[in-house]
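Accompanying notes for the structure given below.
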Amino acid sequence: MSIVITGATGHLGRHVLEALLERDVPAGDIVAAGRSVDKLADYAAKGVRVVSVDYSDAASVAAALKGATRVLLISGSEVGQRVEQHRTVIEAAKAEGGVELLAYTSIANADTTGMKLADEHKATEELLRESGVPFALLRNGWYLENYTEQLPGTLAQGAIAGSAGDGKVSGASRQDYAQAAAAVLVADGQAGKVYELGGDHAFSMADLAAEITAATGTDISYNNMPSDDYAGLLAQVGVPQAFAEILADSDLGIARGDLLVSTGDLQKLIGRPTTSLAEAVRSATASA
């Protein structure tokens, strides 16, 4: 078996590599593919094959997938370019011929959400359906790190801003999602499976503010605002305008319940409760 992880240099990719090794997958059966291969030196030292790949470079993608039996396509980070980048990987998997499974990290509730951020995921899912390559969909919800990595700024401002209202998020840690991906990659009979992945306990932005307050002793409030105002605020602090609008739109999706997941798929795949918001906040506070 040869398991190829694309986007392996990112946070999620590295967690997947670790999860595969923890499942006793031989290091020699794992291919870690990414742009900055120097970031993978520690895994190369363990015997993982490390290769340079760029989603926009078809030749590098084809070389990375040579001999692959299972592939994890971690969605690209360049919003607006991802469909064509993903197409390159899907076409390489099809051309390779021996790929038994291509698992793709999509977004929660991709087929029903109205969030703009989901558009490229929906398009990629359609490419997979049309490709003829056996595939599984890992529809990941929000990372808890989306919030905990903002902790220094949140504490400095004394508040969380957004447009999510009372909407709730079924968030989980990157490690949770990575372990789920590893479970799917090593299991048989996964072609055609669609996993809606999210944390066991949903939380609102007010809940997030309360957890940060409890963990730090600093009073944090949640300030809800119109999405246009929130997008403007994000732009003021340096977020590119187009992406600021996507983030504000995502908050509106949260308000609608687009990121609520109640399947229990994530807990079933990883065989334990998912990481709670309180655990994530306490951990981030301790390391801050």
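No hydrogens, no waters, no symmetry mates; every other heavy atom, side chains included, goes into these values. All residue numbers in this chain count up from 1 along the given sequence.
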Worksheet entry | Val186 vs Val25 side-chain heavy atoms within contact, under 4.5 Å |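 Of all side-chain heavy-atom pairs linking Val25 with Val186, at least one is under 4.5 Å.
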
Please check if any side-chain donor atom of [X] sits under 3.5 Å from a side-chain acceptor atom of [Y], or the reverse.
| X | Y | value |
| --- | --- | --- |
| Ser204 | Asp207 | yes |
| Ser163 | Ser227 | no |
| Glu245 | Tyr230 | no |
| Tyr43 | Glu18 | yes |
| Gln85 | Ser56 | yes |
| Thr263 | Glu196 | no |

May I ask you to decide if [Y]'s main-chain N or O and [X]'s side chain share a donor-acceptor pair within less than 3.5 Å?
| X | Y | answer |
| --- | --- | --- |
| Thr105 | Ser75 | yes |
| Asp176 | Thr275 | yes |
| Arg282 | Leu277 | no |
| Ser283 | Glu279 | no |
| Asn224 | Ala164 | yes |
| His121 | Ala110 | no |
| Ser170 | Leu260 | no |
| Lys122 | Thr113 | yes |

Fill in: Salt-bridge contact Arg174-Glu149 (side-chain N to carboxylate O under 4.0 Å)
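Salt bridge: yes.
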
Discussion item. Strictly below 4.0 Å, N to O, side chains only: are Arg87 and Glu84 in salt-bridge contact?
Written reply: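 So Arg87 pairs with Glu84 through a salt bridge.
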
Worksheet item: Between Arg139 and Asp265, is a salt bridge (Lys or Arg N to Asp or Glu O under 4.0 Å) present by the stated rule, with each step listed?
Response: CA-CA 10 Å; Arg139 289 178 171 168; Asp265 285 350; over 6 Å; no

Worksheet item: Do the ring planes of His86 and Tyr55 sit parallel (below 30°), tilted (30 to 60°) or perpendicular (above 60°)?
Response: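 Ring orientation of His86 relative to Tyr55: perpendicular.
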
Practice prompt. Indicate the atoms forming the closest heavy-atom contact of Glu22 with Gln179, along with that distance.
Written response: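 The answer is OE1-NE2, 4.1 Å.
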
Worksheet item: Take atom NZ in Lys66; do more than 12 heavy atoms of anything else shown fall under 6.0 Å from it?
Response: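 Not more than 12 within 6.0 Å, no.
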
Worksheet item: Pairs in or reaching into residues 246-258: which pass salt bridge (Lys or Arg N to Asp or Glu O under 4.0 Å), with residues at least two apart or in two chains?
Response: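 For residues 246-258: Arg256-Asp258.
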
Fill in: Residues Glu91, Lys94; criterion salt bridge (Lys or Arg N to Asp or Glu O under 4.0 Å); working and verdict
CA-CA 5 Å; Glu91 289 180 348; Lys94 182 176 182 178; over 6 Å; no

